[in-house]
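Read the structure below first, then the notes.
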Amino acid sequence: MPRYFIDAIIGTRVYHDAEGSILRDDLSALDLAVSTLHDLARMRTEEGRNVPISATVRSERDTCVCTVRMDLAIAWSAAVAPPHDQPERIRPSAIH
């Protein structure tokens with residue numbers, strides 16, 4: 001089975017997947033990229049809460065299979081203060 005690499009971009013920070021994952025096919029790699037973005041969307045980044053995030057899937061031949069993009073914007077109501085306004089730092093190990 002082929003190996004795929006999911007590289008993530010969070011705001012201006014780039015995280016390269018050096019290990020990769022052995023997956024069945026391109027669609028399985030797409031599913032992993034979407035799942036990765038879903039996990040990242042739950043985290044707050046050091047750049048704030050309104051940042052673009054994306055994941056690029058590379059094949060073991062180092063060719064781009066696909067790119068998935070997501071923009072997450074949180075708009076708090078003026079009547080409600082955010083519970084924690086300090087961002088959580090994303091560690092590269094948290095990406096996979």
Practice prompt. Please answer whether the main-chain N or O of Ile6 pairs with a side-chain N or O of Asp17 as donor and acceptor at a distance below 3.5 Å.
Written response: yes
Fill in: CG on Leu27 to CG on Leu32, rounded to 0.5 Å
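Between atom CG of Leu32 and atom CG of Leu27 there are 12.5 Å.
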Practice prompt. Kindly compute the distance separating CG (Leu40) from OG (Ser54), expressed to the nearest 0.5 Å.
Written response: 9.5 Å
Discussion item. Show, in sequence, the C-alpha distance, side-chain angles and deciding distance for Val57 and Leu30, and conclude whether the side chain to side chain contact (heavy atoms under 4.5 Å, CB included) test is met.
Written reply: CA-CA 7 Å; Val57 178; Leu30 171 63; 5.7 Å; no
Worksheet item: Do Ile9 and Ile53 touch side chain to side chain, with heavy atoms closer than 4.5 Å?
Response: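 A side-chain contact under 4.5 Å is absent here.
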Worksheet item: Heavy-atom distance under 4.5 Å between the side chains of Ile22 and Tyr4, does that happen here?
Response: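 Contact flag for Ile22/Tyr4 side chains = no.
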Fill in: For Asp31, all residues meeting side chain to side chain donor-acceptor pair (under 3.5 Å), sequence neighbours excluded
none
Response to the item:
Correct closest heavy-atom pair for Pro52 and Asp71 would be CB-OD1, 3.1 Å
Item to complete: Report the residues that fulfil side chain to side chain contact (heavy atoms under 4.5 Å, CB included) with His16, sequence neighbours left out, ordered by chain and then residue number.
Response: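 Partners of His16 under the side chain to side chain contact (heavy atoms under 4.5 Å, CB included) test: Asp7, Val14.
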Discussion item. Checking Ser28 now: which residues fulfil side chain to side chain contact (heavy atoms under 4.5 Å, CB included) with it, not counting sequence neighbours?
Written reply: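 Listed in chain order: Leu23, Arg24, Asp25.
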Taking distance alone, no hydrogens or angles, what donor-acceptor pairs closer than 3.5 Å link side-chain atoms of residues 60-69 to residues at least two apart or in another chain?
{"residue": "Glu60", "atom": "OE1", "partner": "Arg3", "partner atom": "N", "Å": "3.2"}
{"residue": "Asp62", "atom": "OD1", "partner": "Arg58", "partner atom": "NH1", "Å": "2.9"}
{"residue": "Thr63", "atom": "OG1", "partner": "Ser59", "partner atom": "OG", "Å": "2.8"}
{"residue": "Thr67", "atom": "OG1", "partner": "Thr56", "partner atom": "OG1", "Å": "3.4"}

